Amino acid sequence: MPSSLEFVSGITLVPPDSPARESLAAAATRAGLRVVAGVEEASLALVDLTAPGGLAAGQALLGAAPHLTLVALAGQGEDSFAAAQALKPADVLTAPVALHELAWRLQGAVERHVEREEQARSQEDLALLLELTADYAETSDVEALLHGVTRRLAEKLDIARATLVMLGRSADEGLIVATSDDPTLKNLRIDLSRYPEIREVTRTGRPVVMQEASTHPLLGDVERRAVAARGIHAIAALPLPIRGQVRGVLLLRATGRRRTFTPREIDFLTTVAHATAVALRNASVLESVRGQTEAEKTARLAAEEQAASFKPYQLFFAHVSEGVAILDDKACVLSLNPSGAAMLDVSAEDARGRHLHQVTQPVDESVLMELVTTAARGEARSGTDVEVCTSKGRRLTLSMSAAPLRDEEAATILSFRDVTDARKLEDELLQTKDFLERLIDSSVDAIIAADLKGRIILFNKGAEALCGYTAQEALNGLTVHQLYPPGVAKRVMAMIRAPEHGGKGRLSLIREELVHRSGERVPVNMTASIVYEGGREVFSVGIFTDMRARMQLERKLSDVETRLEESEKSAVIVALAGTAAHELNQPLTSVMGYAELLKRKLKEDDFAWKPVDIIYREAERMAEIVRKIGKITRYETKSYMGAQQILDLDKATSHED
């Protein structure tokens, strides 16, 4: 019989030589069925009561294959229908039947068969689940119980092996606690790196089903070859959740006739896995309850003995300002001094016997437990900050130290002091330091500090841009002597210490030069000061402003002013020249006119003719000079009698081509 009846594919004809075979073949094809000869591959059977021996063959089939769903083909008479009722068929058809009706009736019979099989399987699942639940409630032998679960599941699903694997402490460690085929196989450690399906269930907390295991992408090449070699067709891994965490996996592998796991079977296995997880948890609780009375009694006696042995220490601890607690091997409080009780807002009596977590309520349990565990191993630890919440809701930061008290009794002494205010102050100072560092780095000006030997201890981003060195390079051995021209560093330090430049220890604004990494001299404005501690010089700090851009601007402004002055001077000269030319033209014209009249009245041999001629020619020369003065357009000079400069009329006047 096939392992799954999710899909019905075979129908047989009874009796085999019935004349309805041809009609059945055509109708079965329409209905998605195939006609088979034997009942092993069939889920449905068409019983032809109109054929000779049809009723007897149907009755024999009903007893031999009760899993079959029957469809009866009866004749027209009432007796034929009465005979068909004896077979309890799913449907009865009257011969002759049309091909389309037969196909439609067969499809209906398929649906009823699947529904019936589902109900039967559900009943079986429910019955098995009830049996397992009863065993979980009654059986105290956990090992026998787990083996029984795996064995029943293997029998029900017709698989070779079902396995229960519990997870170890590490992610790659597993422990086989029960298998279906070997009751003696238990507590076998396995490497989970070879079982990707188990690791995937652990990671996701959901079932993993591999229907085609030999080609599934979750498996590596080695695992695929191993699966194919062992004839494994499908793999199902179901989580065993305990208190919200996957603590184990139910692992099943399909081989042989079993090819796949149906969704219904996976749902059933998931339910079984959850029930098994609950049973494991209850078994663990039962064991703890059974041993609780005896364990409590033993623990109480041991605690009383330990507390008595610690009385000499308690007298000393009662007068120290730090909190002191003595812990047993389970980190439970054996003794708590008054300072510790006041610090944690709990009385010493209430704290005794309680776990350290309950007394301190740490924000991060792992930090506290690591401290205590280390001490329990014989190693002392000190100065560990632990944030706790007291019973009154106060949140404190305690600096804790732990050490073994006496190795043979695994006792631990835990001391602690309240550093809440100190840590807040440290945080505030750290924030202030970060702010100042960001402020210094964001400054456009270069800020450089150096110790008394000239070694640089502060070099901000502005200094990097100004000097060409990175802060890392500056802090790794660079001195201020390399940043100044030779001898300037000592001179600047002497000026800082002198009182006349802004007071002792301070230097007012001065102009200096720094040496860029490339060798360029960079003009800067600088101020500096010495930082003192208790009257002792500690280091010096300087603030430098790059003056290159400003000096370039000043040069440009100076050039513009010079050109403006020259332009104004030229304008004055041109105006003056025009005025002078205008004013001189009139008297010169009169002089030349009168000189010319005199020359006309005189003869060349007269004694006055030559002086008058000289007057006339000099007047013409003066007129030419006046004409040039009137044409002055720019200010041009020439040397005259050594270093003296006079106006050059030829260059200063405009000339026509």
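Heavy-atom basis, side chains included; hydrogens, waters and symmetry copies ignored. Everything numeric here is computed off the predicted structure, so don't read it as measured data.
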[X], [atom1]: over 12 other non-hydrogen atoms inside 6.0 angstrom:
| X | atom1 | answer |
| --- | --- | --- |
| R354 | CZ | yes |
| E155 | CD | yes |
| R151 | CZ | yes |
| R116 | CZ | yes |

Do [X] side-chain atoms and [Y] backbone N/O form a donor-acceptor pair below 3.5 Å?
| X | Y | value |
| --- | --- | --- |
| S180 | A154 | no |
| Q211 | F261 | yes |
| N337 | V324 | yes |
| E265 | T262 | yes |
| R105 | V92 | yes |
| R395 | C389 | no |
| Q59 | A56 | no |
| T255 | G231 | no |
| R21 | P16 | yes |

For the atom pair [atom1] ([X]) and [atom2] ([Y]), what is the distance rounded to the nearest 0.5 Å?
| X | Y | atom1 | atom2 | answer |
| --- | --- | --- | --- | --- |
| S43 | L68 | OG | CG | 7.5 Å |
| D364 | D385 | CG | CG | 12.5 Å |
| L371 | S382 | CG | OG | 9.0 Å |
| L398 | T360 | CG | OG1 | 8.0 Å |
| I235 | L252 | CD1 | CG | 10.5 Å |
| L251 | L269 | CG | CG | 11.0 Å |

Side-chain polar contacts of residues 342-351 - donor-acceptor pairs under 3.5 angstrom, sequence neighbours left out - could you list them?
| unit_1 | atom_1 | unit_2 | atom_2 | d |
| --- | --- | --- | --- | --- |
| D345 | OD1 | R394 | NH2 | 3.3 |
| D345 | OD2 | T390 | OG1 | 2.7 |
| D345 | OD2 | R394 | NE | 3.0 |
| D345 | OD2 | R394 | NH2 | 3.4 |
| S347 | OG | D350 | N | 3.2 |
| S347 | OG | D350 | OD2 | 2.9 |
| E349 | OE1 | R352 | NH1 | 2.9 |
| E349 | OE2 | R352 | NH1 | 3.0 |

Side-chain heavy-atom pair [X], [Y] within 4.5 angstrom cut-off:
| X | Y | result |
| --- | --- | --- |
| V363 | V388 | no |
| L106 | V110 | no |
| V14 | D48 | no |
| L240 | R247 | no |
| V36 | R34 | yes |
| L356 | V372 | yes |
| P89 | V71 | no |
| V165 | I198 | yes |

Taking NZ, NE, NH1 and NH2 as the nitrogens, is one of them in [X] or [Y] under 4.0 Å from a carboxylate oxygen of the other?
| X | Y | result |
| --- | --- | --- |
| E223 | R194 | no |
| E428 | K424 | no |
| E200 | R203 | yes |

* To do: Would you sort out whether R112 and E115 count as a salt bridge (Lys or Arg N to Asp or Glu O under 4.0 Å), showing the intermediate values?
  => CA-CA 5 Å; R112 286 190 287 276; E115 183 179 348; over 6 Å; no
* To do: Let me see the working for R253 and E197 under salt bridge (Lys or Arg N to Asp or Glu O under 4.0 Å), right down to the final yes or no.
  => CA-CA 11 Å; R253 296 181 173 182; E197 63 274 24; 3.3 Å; yes
* Return the set of residues passing side-chain hydrogen bond (donor to acceptor under 3.5 Å, both in side chains) with T204 (not counting sequence neighbours), or none when no residue passes. => none
